[in-house]
Amino acid sequence: MTPSLFHFALSPACRLLRLVLAEKGVGFRLEPVRFWERPEAFLRLNPAGTVPVLKISEQAAALSETRALIEYLEEAFPEPNLIGPDAETRVEVRRLTGWFVDKFEQEVSGPLLRERVLRGLMRDGSPDAAAIRAARWNIQVHLDYIGHLAMRRRWLGGDRFSVADLAAGAYLSVPDYFGDVPWDRNAHARDWYSRIKSRPSFRPLLQDRIGGYPPPAHYADLDF
Ligand SMILES: N[C@@H](CCC(=O)N[C@@H](CS)C(=O)NCC(=O)O)C(=O)O
């Protein structure tokens with residue numbers, strides 16, 4: 001039976017799960033959720049009301065929490081290994097994954113998603129320009145950090161491609177959808193992102209469109 005991923009197309013956490021499932025070659029069905037409306041049927045699956053939620057089969061329990069889900073997928077589908085072959089690599093890959101899931105989310109993708117899209121979908125007033133400005137300021141520091149890592153390592157977590165690259169790619173892809181990434185600022189970060197963007201796992205993300213919120217022309221362009 002095909003697993004179901006309950007998601008929202010512009011949620012970076014959901015995008016990360018889609019990438020991990022695709023990289024592991026696990027077929028899945030996407031079930032869109034308007035999580036901000038807190039649908040009762042969805043709250044029965046995840047009382048926290050957050051996406052992503054994964055149901056590996058119809059009978060299986062609904063699984064949630066992005067980092068727990070990544071660990072679960074690594075155990076349930078060990079190939080290809082996306083966390084690393086030894087303890088030293090794994091701690092670094094997990095640190096960087098947390099960087100994006102927590103820090104980048106709080107400082108950049110969370111506020112941008114809320115102000116640019118969710119406020120409109122929730123009919124919750126007009127966007128907070130100061131919050132958008134702050135997120136666009138914060139992203140510069142993150143882009144430089146990605147560039148710093150990409151200059152010293154083959155992939156962000158070390159020699160091997162890992163979930164740290166997928167996390168950074170998923171979380172950056174949301175501000176990129178809004179045209180909020182200053183790509184000219186850091187060539188190393190830009191080159192790394194173009195490698196991530198070219199992976200087959202990324203293709204469906206580049207085709208996502210949210211009605212009323214079209215992405216800029218470069219969003220789906222591999223030579224942006
Ligand atoms: N702790 C959750 C957070 C994921 C998350 O922030 N999801 C957002 C969408 S991007 C959400 O569902 N927000 C709804 C809410 O917080 O009520 C996880 O790790 O999966």
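Remember, it's 1-based here, ligands and their atoms both numbered in the order they're listed. Every heavy atom of this structure was used, including side-chain atoms; hydrogens, water molecules and symmetry mates were not.
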May I ask you to identify the nearest protein heavy atom to [atom], giving residue, atom name and distance to one decimal place in Å?
{"atom": "atom 6 (O) of ligand 1", "result": "E105 OE2, 4.2 Å"}
{"atom": "atom 16 (O) of ligand 1", "result": "T50 CG2, 3.7 Å"}
{"atom": "atom 2 (C) of ligand 1", "result": "E65 OE2, 3.4 Å"}
{"atom": "atom 11 (C) of ligand 1", "result": "F35 CE1, 3.8 Å"}
{"atom": "atom 17 (O) of ligand 1", "result": "R38 NH1, 3.8 Å"}
{"atom": "atom 10 (S) of ligand 1", "result": "S11 OG, 3.2 Å"}
{"atom": "atom 20 (O) of ligand 1", "result": "T66 OG1, 2.7 Å"}
{"atom": "atom 5 (C) of ligand 1", "result": "V51 O, 3.7 Å"}

(request) Flag yes if more than 12 heavy atoms outside D223 fall under 6.0 Å of its CG atom; otherwise flag no. (result) no
(message) Using side-chain heavy atoms (C-beta onward) and a distance below 4.5 Å, is L222 in contact with F202?
(response) no
(message) Looking at ligand 1, would C14 count as a contact under a 4.0 Å heavy-atom criterion?
(response) no
(message) If we only consider heavy atoms of F8, is any one of them less than 4.0 Å away from an atom in ligand 1?
(response) no
(request) Grab the two heavy atoms, one from P12 and one from S109, that are nearest each other, plus how far apart they are. (result) CG-OG, 3.9 Å
(request) Evaluate side chain to side chain contact (heavy atoms under 4.5 Å, CB included) for L172 paired with I146, printing each intermediate quantity in order. (result) CA-CA 10 Å; L172 259 179; I146 290 169; 3.7 Å; yes
(request) Give the numbers and elements of all ligand 1 atoms closer than 4.0 Å to a heavy atom of P52. (result) 20 (O)
(request) Look at the aromatic rings of Y193 and W183 and report parallel, tilted or perpendicular, splitting at 30° and 60°. (result) parallel
(request) Examine K197 relative to F224 and say whether NZ or CZ is less than 6.0 Å from the centre of the six-membered ring and inside a 45° cone about the ring axis. (result) yes
(message) Within 45 degrees of the ring normal and closer than 6.0 Å to the centroid, is that where the cationic atom of R195 sits relative to W155?
(response) yes
(message) Between R153 and E92, does any side-chain N to carboxylate O distance fall below 4.0 Å?
(response) yes
